Amino acid sequence: MIRVRVPGTLAYRNLALRVVAAATKMIGNAECEPSPALEELEAQTVSAVGEAFNNIAIHAYKGVAPGEIDVLIESDAERVVVEMTDTGASFDPSTVAVPELDELPENGMGLFIIRSFMDEVTYAAGPPKNVLRLVKRRAPGPEPRLQDGASEAEVTVETGAKRATADDP
Amino acid sequence: MIRVRVPGTLAYRNLALRVVAAATKMIGNAECEPSPALEELEAQTVSAVGEAFNNIAIHAYKGVAPGEIDVLIESDAERVVVEMTDTGASFDPSTVAVPELDELPENGMGLFIIRSFMDEVTYAAGPPKNVLRLVKRRAPGPEPRLQDGASEAEVTVETGAKRATADDP
Amino acid sequence: MKFAREDNGAETMLRIDGTLDAVSAPEIRPVVDAIVTEERKAVTVDLGNLRLIDSSGVGVIVSLFKRVRAHGGEVKIVGLRDQPKAIFKLLRLDRVFPTP
Amino acid sequence: MKFAREDNGAETMLRIDGTLDAVSAPEIRPVVDAIVTEERKAVTVDLGNLRLIDSSGVGVIVSLFKRVRAHGGEVKIVGLRDQPKAIFKLLRLDRVFPTP
Ligand SMILES: Nc1ncnc2c1ncn2[C@@H]1O[C@H](COP(=O)(O)OP(=O)(O)O)[C@@H](O)[C@H]1O
Ligand SMILES: Nc1ncnc2c1ncn2[C@@H]1O[C@H](COP(=O)(O)OP(=O)(O)O)[C@@H](O)[C@H]1O
């Protein structure tokens with residue numbers, strides 16, 4: 001298990017992504033052989049984590065002194081699991097619409113990238129903590145289910161352990 | 001504050017060092033300008049942390065299932081502070097002799113490298129945790145005090161908060 | 001991120017190297033805006049040394065594309081590879097941009 | 001870490017690139033042992049592309065140096081730079097190895 005914790009600002013994005021990239025190349029405690037499949041898995045995982053990092057720094061910590069972003073990575077022969085925890089504002093991913101790609105949007109693509117590239121995406125809203133869990137399987141997953149190329153993961157929304165306080169959103 | 005936590009085996013050495021290298025280039029949340037002084041600081045800090053990582057993986061976790069190595073980095077305009085924590089065997093750095101460089105030793109150089117390159121080296125022995133604290137100042141430090149080139153940091157030995165158990169070493 | 005703009009008659013070449021993300025996208029914005037304001041008609045974006053892109057980076061390139069096209073110009077992408085290629089494909093931009 | 005050995009008459013060139021540390025030092029050991037066993041007399045170690053070394057890596061090179069010297073041979077280091085240069089200087093190996 002690898003864990004990297006950085007301040008929740010974009011300046012640390014690159015550092016966190018480098019750790020994730022390195023972690024995708026480890027199976028347990030051994031480095032795996034380079035391969036096109038590994039490169040693809042790395043590219044997709046780094047893309048998803050990068051978008052999630054942006055969202056925490058830009059949205060979850062918007063207008064407040066940024067807390068930390070805690071990134072936990074578990075990588076074995078079957079899959080890579082990344083858990084990203086923040087202490088900022090929560091949101092409800094199920095309300096985020098799929099972008100209309102034909103209209104050439106200039107934003108609103110982050111969650112789509114995350115869902116498309118990952119096999120499982122789970123968001124547990126805080127407070128006290130929001131946890132986004134991404135799972136990418138190493139073995140080739142099921143065939144793409146979308147009509148148009150991208151295979152989107154299902155997003156499960158959980159409610160985090162709520163504190164019994166009045167300031168819950 | 002940046003934190004990276006990895007299993008205490010050599011396979012994760014490189015990953016941890018990459019984080020430390022990146023961290024030396026940050027001052028607070030901004031990347032600093034490249035300079036020869038920064039390159040030297042990075043080389044020396046990475047060297048020291050690399051030796052300390054080796055020592056934990058090889059000596060502290062010798063003969064036991066390796067625990068984790070927790071690396072905490074704080075970097076500001078004045079200095080870089082790295083704290084490395086392990087849960088393995090403790091040792092007493094004051095008993096480690098300075099290597100006889102003229103005899104061309106093939107080992108026993110790790111602690112010498114750490115002490116020479118860092119401005120402050122503190123080791124707090126556990127259990128439950130051993131904490132090695134390294135401080136490297138960004139401003140040029142005092143002139144070398146050793147007769148022969150290397151300026152060695154003083155090593156302070158502290159005793160960690162001991163648990164009142166009989167199995168203390 | 002590093003970039004270089006080179007004009008050659010009616011053609012503009014914009015090379016973007018390294019990482020084009022939420023950190024560096026704002027740095028390339030003014031360059032893109034200038035290309036639009038000057039109504040350049042034949043723009044080639046060379047991403048052969050682009051290592052990593054995110055949705056913010058894509059946003060800047062799409063913005064360039066749409067505005068140049070609005071003036072009757074064209075934006076081509078060359079050199080796309082690795083992670084940026086995967087992102088362009090996912091967002092179906094490989095169908096939008098002429099990639100010679 | 002990557003390495004390459006090349007013999008040219010009495011001369012042996014050993015190039016070590018990347019990171020020579022506690023992880024990779026054991027990988028280069030057999031190569032060094034072979035150079036010693038074959039009693040090569042003029043050995044040059046090219047560290048021009050060595051990015052990072054630790055005390056284990058230094059140990060291997062010192063071991064090569066001492067054993068080749070014991071057979072009346074010589075080990076030269078070329079290309080030392082950056083972090084490896086700082087380590088060699090600290091350990092006063094820059095005075096030991098002829099660096100042309
Ligand atoms: N981690 C998060 N915390 C709070 N809000 C978020 C988070 N991630 C996404 N959002 C919300 O979901 C919306 C869509 O996110 P996304 O698809 O990544 O596109 P974009 O960030 O470009 O708007 C955001 O505009 C924001 O309102
Ligand atoms: N973190 C540590 N935990 C336990 N013992 C250690 C640790 N670091 C160093 N030692 C002890 O101190 C000795 C000297 O360490 P060092 O100078 O790094 O050289 P080397 O590791 O090559 O022996 C080691 O051989 C070991 O016995």
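Keep in mind that what you see is a predicted model, and the values were worked out from it rather than measured. Chain letters run A, B, ... following the sequence lines, proteins first and then strands; every chain starts at 1.
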**Prompt:** Between N54(A) and chain C, which part of the residue has a heavy atom less than 4.5 Å away: side chain, backbone, both or neither?
**Reply:**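 Contact with chain C: side chain only.
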**Item:** Engaged part of P105(A) at the chain C interface, taking heavy atoms whose separation is under 4.5 Å
**Value:**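 Backbone of P105(A) only, per the 4.5 Å heavy-atom cut-off to chain C.
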What distance separates [X] [atom1] from [Y] [atom2], expressed to the nearest 0.5 Å?
{"X": "I113(A)", "Y": "I87(C)", "atom1": "CD1", "atom2": "CD1", "value": "4.0 Å"}
{"X": "N14(A)", "Y": "S24(C)", "atom1": "CG", "atom2": "OG", "value": "9.0 Å"}
{"X": "L91(C)", "Y": "F112(A)", "atom1": "CG", "atom2": "CZ", "value": "6.5 Å"}

Taking atom [atom1] of [X] as the centre, report whether more than 12 heavy atoms of other residues, nucleotides or ligands fall under 6.0 Å from it.
{"X": "K2(C)", "atom1": "NZ", "result": "no"}
{"X": "E11(C)", "atom1": "CD", "result": "no"}
{"X": "R3(A)", "atom1": "CZ", "result": "yes"}

Show the atom names and distances, to 0.1 Å, of all donor-acceptor pairs under 3.5 Å that link a side chain in residues 34-48 of chain A to residues at least two apart or in another chain.
unit_1: S35(A); atom_1: OG; unit_2: A37(A); atom_2: N; d: 3.4
unit_1: S35(A); atom_1: OG; unit_2: L38(A); atom_2: N; d: 3.0
unit_1: E40(A); atom_1: OE2; unit_2: Q44(A); atom_2: NE2; d: 3.2
unit_1: E42(A); atom_1: OE1; unit_2: K25(A); atom_2: NZ; d: 3.4
unit_1: Q44(A); atom_1: OE1; unit_2: K136(A); atom_2: NZ; d: 2.6
unit_1: T45(A); atom_1: OG1; unit_2: L41(A); atom_2: O; d: 2.7
unit_1: S47(A); atom_1: OG; unit_2: A43(A); atom_2: O; d: 2.6
unit_1: S47(A); atom_1: OG; unit_2: Q83(C); atom_2: NE2; d: 2.8

**Item:** Contacting region of I61(C) [heavy-atom separation from chain A under 4.5 Å]
**Value:**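 Contact with chain A involves no heavy atom of I61(C) at all.
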**Asked** What closest approach, in Å, do E106(A) and K66(C) show between heavy atoms, and which atom pair accounts for it?
**Response**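 What the structure gives for the nearest pair is OE2-CE, 2.9 Å.
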**Item:** Nearest atoms (heavy-atom pairs only) where M109(A) meets G59(C)
**Value:**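 Closest heavy-atom pair between M109(A) and G59(C): CE-N, 4.3 Å.
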**Request:** Quick one: which of V23(C), D21(C), D82(C) has the most heavy-atom pairs under 4.5 Å with chain A, could you say?
**Result:**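 Most pairs with chain A among the choices: D21(C).
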**Item:** Sub-4.5 Å side-chain heavy-atom contact between T19(C) and L17(A)
**Value:**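 No; the side chains remain at least 4.5 Å from each other.
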**Message:** Using side-chain heavy atoms (C-beta onward) and a distance below 4.5 Å, is R69(C) in contact with L104(A)?
**Reply:**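 Yes. Closest side-chain heavy atoms under 4.5 Å.
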